[in-house]
Structures are given as structure tokens and as C-alpha cells.
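What follows is a single structure, written as C-alpha cells, with notes after it.
Please read these numbers as outputs of a predicted model, since none were measured by experiment. In each ligand, atom 1 is the first atom listed, and ligand 1 is the first ligand listed.
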Amino acid sequence: MLKILKRKSRPLGKDRTGIKVGIPRFLNVWSTHQFWVGFFQYLGVGKIIFSSETSEEQYRTYGKGRITMDSCYPVKALAGHIGELLHKDINLLFVPMIYSLPSFLKGHVLDTLSCTRVMMSVENIKAGFLRERDEFKERGIAFVSPFVPFGEPELLPKYLYEALKDHIPYLTLEETGKAVKEGFKALESFERRMREKSLEIIRWCAKNQRPALLVLARPYHMDPGIGHEIDAEFQPYGYPVLWYNYLPLEDWLLEWLFGQEIKAGIIKSPFDISDVWTSSYSSNTNEIIWGAKFAARLPWITGVIRLSSYECGMDQPTFTPVQKIVESSGTLFFKFGELDETKPAGSVKIRVETIVYYLDRYSPKIIEEKLAKLDKIPPEITK
Ligand code: SF4
């Protein structure tokens, strides 16, 4: 889907409406897109265009033959996104090399790095468009790929200014700094709304004693061409689906779920994952582990759906710990691994029917047993 967004008023009087920015909807752009919208809107560019969601057709039409290395499918799919944007009305192709990520776990973990393939994907895929000739130059499109350490936000203005100063007229470091602040505001506001929605779902489950599912995956498995909408298959059966990266973080809720372990000295705070994961460098991995802990404790999450892509080296070491965390609480665990460009529609349908059978059968007992392990239900949950 193509998104053309309205421009906000701009602090300086120089016209930038002729700048048309294309951004591929790939990898960790899925968790940071609102930052980029807020950032470029503040700078007053004329248009921001995201590529479509990943699809087999996009990959076949624009991406195949551009791949210069073997990799997981989410990285390969970037070639389709870049190729598609080359056919749009843009003059600046902005493909961030995201080194580290914003994370609510920052300060509780060792780091919030992105997967190295996320960062390196940009240069690798770009090479496929330079192999025979410079396709960007040929189409009058500037390719801009700044280093983006979201984990050190104070460095962002410098890196983004350096990358964009030759492409955005009259840009200053100070203005870039203000645009970065606007970007974070937009991202935080979006995440707040998503977390509020999740809390609404949890409250509904609590009031009606109904089960829900939690998805543990990478943020880009929300892309229908990467995660194949497996989560959506459960909704017709009456199972609301939560995503680990937008869980509610209210103090009273986390105190209820993790308070006993904090008092017992097992963890230092609700965001502490050191009891189950010591090498907490990768942002998405840390949040997946935390999501597994949350799912294991929240009574109304009776099943976890784990998604993973073909050839994902980052997920491999987490499979067993995540499954153990979830299953040790009696919560059901189901994994859909090795996902690539083709949706395994038939086998997904059969598996979903089987999973729903188990969920229907065991959910009431799981809710009851998980409730019995916790203190009294906080009144805020049924508000
Ligand atoms: S985390 Fe896995 S799927 Fe994502 S870019 Fe890294 S290797 Fe690929």
C-alpha cells in the first residue's frame, strides 16, 4: 500500500516540497516507521512514500536477480522493496542502516542492537542495483543510507545530518536535532496507542474469562509477506491475538505479574530478563524473551505462537529457552519456523485447526491454574 502523507509546517522558510522520499517497508523499519514519518514531516519534504508490503510478486518482479549473497528471506525481500520504489515518483531513496533500536528494555539489558544482517542488508542489496550500471543515478534518485544507532539517540542528529545535508536544502544540525525529537514523539505516541489497545484486549479477556494468544516473532513478521498472516488465522475462531512488542506496561499490571519474584530477589525489576537470558545484546531477542515471560504469567494468554524465518541464525539459540519459559507455566506453545516467500497455506490451515482444538480444550484449565499462582486480581484489570 502506498502512503502519501501530508506535510506539517516547517521551521525554516525554504521550500522542500519538491523532495519526494521513498522508504522501503523492510526489517526494522516495521518497528520504527513512525519515527521516520515524524522526522521527514518536520523537515517539510513534499512526499513520503513507503513501498508495499512484501509479496511474492514484488520479489519476483523487482527483486530476483539482485541478491548478491545468501541470507534469510526478510533480508532478500529488501531487493523487491528497493526495486519497486525505483518505479515510483521519488527522488530520494532513504534506506536506514539500523544498528540499534529503541527499546522499553533499555537500561535493563546489556544492549539493544539489531541483528547484524538488518544493518548490513542495505549495502548488500544495494550492490545488486549497481552490478551492471548505477540504476539509482540513471533514474535521478539519490540513495541515502545513514548509520542509525537508535540505542544512542544523542548521536542521531549528527549521522542523519551528515547523510541528508547534500539532499535537503538549508538543512542544519540544529534543525535535524529538532526533527529527531519529532520523530521520537511520533513513535512514542504510536506505541502508546498500540499498548493501550493490547490492554483493552486483556481487560476484555479478564472480564469474560476468555483466552488470548500471544505472537513471539520479529517485528517484521507483521508484514503479510514475511509472517504470512498466520496470527490472523486464529481470529475467526474467537481468539484475540496480542503481539509481544506492544504489550501493556502499566505498573500495577507488571507488579501483579512479577512482584512475587522481585520480592523473592529472583529479578530486580519487571523488565529484568537476566534470570533466563544472560547475553542480552539483541533488542528483538530481548523483547521476545521478555514477551515469553509475560505470556507465562498472564493468565488469559493460554497459547503462544512463535514465528521464525528460514535461515534466521539469530532465532536459533532462543527456540529452546523461549519454549521452556512458556511451557513451564502450562501455557501452550506452537512454532511456525522456516517461513520464506511462499505461504504454506494448506499446512497452516490444518495446523491452526489442530491448535484451536487444543486451545479450546485446555484454555479454561490453564487460566485457572495461572490465576492460582498469582495474588488477587488487581481491580484495574476489570475497569
Ligand atoms: S533476525 Fe533473523 S530473520 Fe531477522 S535479519 Fe537477522 S537473520 Fe534475518
Ranked by distance from atom 2 (Fe) of ligand 1, the top protein heavy atom is Cys312 SG, 2.2 Å

Checking Thr318 against Arg306: is there a side-chain donor and acceptor pair closer than 3.5 Å?
yes

I'd like to know if atom 8 (Fe) of ligand 1 has an N/O/S atom from Cys115 within less than 2.8 Å of it, counting both backbone and side-chain atoms.
no

Any idea which protein heavy atom is nearest atom 8 (Fe) of ligand 1, and the distance to it?
Cys72 SG, 2.2 Å

Salt bridge (Lys or Arg N to Asp or Glu O under 4.0 Å) between Lys343 and Glu233, intermediate numbers included
CA-CA 12 Å; Lys343 178 171 180 167; Glu233 302 277 343; 3.1 Å; yes

Contact atoms of ligand 1, heavy-atom distance to Arg117 under 4.0 Å:
5 (S), 7 (S)

Report yes or no: do Glu311 and Ser71 form a side-chain donor-acceptor pair below 3.5 Å?
no

Start with the C-alpha distance between Lys76 and Asp340, add both sets of side-chain angles, then the distance that settles salt bridge (Lys or Arg N to Asp or Glu O under 4.0 Å), and finish with yes or no.
CA-CA 10 Å; Lys76 286 184 189 165; Asp340 61 11; over 6 Å; no

Under 4.0 Å from a heavy atom of Arg218: which atoms of ligand 1 are those, numbered in the order shown and with their elements?
1 (S)

Filtering Phe26, Tyr310, Tyr220 for the heavy atom nearest atom 1 (S) of ligand 1 leaves Tyr220

For this output row, return yes or no: ring centroids of Phe94 and Phe40 closer than 6.0 angstrom.
yes

